[in-house]
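All heavy atoms count here, side chains included; hydrogens, waters and symmetry mates do not.
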Amino acid sequence: MKRLFLLLLMGCLFCPGMVLAALPEQVQADFNVVSGILVMSVGEEYIVDLDARNNLQVGDILTLVRP
């Protein structure tokens, strides 16, 4: 029983390290630069020429880099 508990504890300690190793790649993929055009503003919202092909989802936050 103690041996099983020790193996389970060691597994829990080593798995997060493997998960965190892939974290920088995921963050970089989330913050890839995408070029697009601001088409027009509609009240507080904006229409851009980006879509799912550019991996853009409803609710994503965009940053205007240059006018």
So which heavy atom on Leu38 is nearest to which on Val48, and how close?
-> CD1-CG1, 4.1 Å

Closest non-hydrogen atoms of Asp49 and Val39, given as atom of the first, atom of the second and distance, are N-CG2, 4.0 Å

Group every Ile, Leu, Val, Met, Phe, Trp and Tyr by side-chain heavy-atom contacts under 4.5 Å, then state whether Leu62 and Ile47 land in the same group.
-> no

